[in-house]
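The block underneath contains the structure these notes are about, expressed in structure tokens.
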Amino acid sequence: MAQNKPENTPAILNHIAVYVADLNKATTFYESVFNLKMIPEPFKDNRHTWFTLGPAGQLHLIQGAKGNETFDKNGHLCFSVPSVDEFVKKLNAKNISFEDWPGKKDGITLRVDGVKQIYFKDPDGHWLEVNDAR
């Protein structure tokens with residue numbers, strides 16, 4: 001019987017770090033759009049916000065980006081929600097524009113496996129996907 005040695009244990013995701021220009025603006029955005037819950041951050045330097053992502057790990061926002069970068073849609077964070085249609089209503093109420101994968105404004109992509117997905121940007125221009133693959 002093979003023993004599971006520590007060196008054979010798969011790594012798990014600990015956190016994702018997103019470099020932002022305005023920490024307060026980014027914190028409010030992620031907290032209000034995704035209902036993320038803040039957790040204590042050890043640095044206490046007013047340059048970090050940490051959110052729990054449940055078993056997936058944590059999201060760390062870090063103050064200091066220049067704020068004028070252009071990001072490719074292929075490099076995105078993805079969050080799953082119970083209903084893309086309900087999430088779209090939330091985005092519309094917040095005047096946050098979204099698009100489908102090809103870039104059609106207000107479009108919703110339907111993947112071949114039946115998953116709905118949309119794309120939009122955070123205040124720093126990082127691409128975000130929201131889908132209903134739960």
Side-chain angles (χ1 to χ4, degrees):
M1 179 179 208
Q3 202 167 1
N4 193 9
K5 297 180 180 180
E7 64 269 21
N8 295 331
T9 302
I12 60 170
L13 179 66
N14 179 269
H15 70 271
I16 297 165
V18 178
Y19 204 34
V20 301
D22 183 328
L23 184 63
N24 289 332
K25 188 175 186 178
T27 297
T28 299
F29 176 86
Y30 281 91
E31 191 174 37
S32 68
V33 170
F34 296 109
N35 300 324
L36 297 182
K37 304 300 179 215
M38 275 193 271
I39 58 174
E41 62 88 7
F43 306 115
K44 301 188 186 344
D45 60 4
N46 298 316
R47 291 190 57 239
H48 298 82
T49 298
W50 286 15
F51 292 106
T52 182
L53 297 175
Q58 302 167 357
L59 173 64
H60 297 176
L61 303 179
I62 305 169
Q63 171 82 36
K66 290 182 177 49
N68 57 358
E69 291 186 62
T70 301
F71 300 97
D72 190 284
K73 194 187 279 187
N74 282 297
H76 60 268
L77 299 178
C78 179
F79 294 89
S80 292
V81 297
S83 168
V84 169
D85 296 327
E86 289 301 313
F87 191 82
V88 161
K89 290 177 186 176
K90 183 178 196 176
L91 292 181
N92 287 335
K94 293 178 172 294
N95 293 314
I96 297 172
S97 62
F98 65 93
E99 60 190 50
D100 62 12
W101 178 252
K104 179 184 170 204
K105 183 174 172 29
D106 299 330
I108 298 175
T109 298
L110 184 60
R111 291 189 337 206
V112 294
D113 59 0
V115 171
K116 288 183 176 181
Q117 57 191 171
I118 59 170
Y119 295 85
F120 59 102
K121 294 180 181 182
D122 76 0
D124 288 272
H126 298 103
W127 280 100
L128 303 166
E129 174 187 340
V130 166
N131 69 33
D132 61 3
R134 295 180 70 107

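Computation of the quantities below employed the complete heavy-atom set of this structure, encompassing side-chain atoms and omitting hydrogens, waters and symmetry-equivalent molecules.
Phe98 and Trp101 fall into different hydrophobic clusters, where Ile, Leu, Val, Met, Phe, Trp and Tyr are joined by side-chain heavy atoms under 4.5 Å apart, directly or via other members. A continuous path of hydrophobic side-chain contacts links Met38 to Leu53 [ILVMFWY only; heavy atoms under 4.5 Å]. Under the 4.5 Å side-chain heavy-atom criterion for Ile, Leu, Val, Met, Phe, Trp and Tyr, Leu91 and Leu77 are members of the same hydrophobic cluster. Put simply, Tyr119 and Ile96 are part of two different groups of oily side chains (I, L, V, M, F, W, Y) that touch within less than 4.5 Å, one to the next. Two different hydrophobic clusters hold Leu13 and Ile39 under the rule that ILVMFWY side chains link at heavy-atom gaps under 4.5 Å.
Expressed to the nearest 0.5 Å, how far CZ of Phe51 lies from CD of Gln58 amounts to 11.5 Å. Taking CG from Asn74 and CH2 from Trp127, the interatomic distance works out to 10.5 Å, rounded to the nearest 0.5 Å. One distance of note links CG of Asn24 with CD of Gln63; it measures 7.5 Å at 0.5 Å rounding. In this structure, His76 NE2 and His126 NE2 are separated by 13.5 Å, a value rounded to the nearest 0.5 Å. Note that the CD atom of Glu41 and the CG atom of Asn46 stand 8.0 Å from one another [nearest 0.5 Å]. Remark: Lys90 NZ to Ser83 OG distance equals 12.0 Å, nearest 0.5 Å.
A 4.5 Å side-chain heavy-atom check between Val33 and Phe120 finds at least one atom pair inside the cut-off. Residues Cys78 and Asn131 are in side-chain contact: their nearest non-hydrogen atoms beyond the backbone lie under 4.5 Å apart.
Contacts classified as salt bridge (Lys or Arg N to Asp or Glu O under 4.0 Å) and involving residues 100-120 (residues at least two apart or in different chains) are given here: Asp85-Lys116, Arg111-Asp113.
Residue Gly67 comes nearest to Asp124 through the heavy atom pair CA-OD1, 4.4 Å, listed as atom of the first residue, atom of the second, then distance. The heavy-atom pair separating Pro102 from Thr109 by the smallest distance is CD-OG1, 4.1 Å. Between Lys73 and Gly103, the closest heavy-atom pair is NZ-N, 3.8 Å. When all heavy atoms of Ser80 and Ala133 are compared, the pair lying nearest together is OG-O, 3.2 Å. Heavy atoms only, all atoms of each residue included: Val130 and Val84 are closest at O-CG2, 4.2 Å. Of all non-hydrogen atoms in Thr49 and Leu23, the two that sit nearest each other are OG1-CD1, 3.5 Å.
Classification of the Phe29-Phe34 ring pair by plane angle, with boundaries at 30° and 60°, yields perpendicular.
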Q: Could you check Val115 against Asp132 for side-chain contact (heavy atoms from CB on, under 4.5 Å), going step by step and ending with a plain yes or no?
A: CA-CA 6 Å; Val115 171; Asp132 61 3; 3.5 Å; yes
Q. Where do Tyr30 and Leu128 land on the side-chain contact (heavy atoms from CB on, under 4.5 Å) test, with the steps shown first?
A. CA-CA 11 Å; Tyr30 281 91; Leu128 303 166; 3.6 Å; yes
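Just one of Phe43, Trp50, Tyr19 meets the ring-ring contact (aromatic ring centres under 6.0 Å, His included) condition when paired with His60; it is Trp50.
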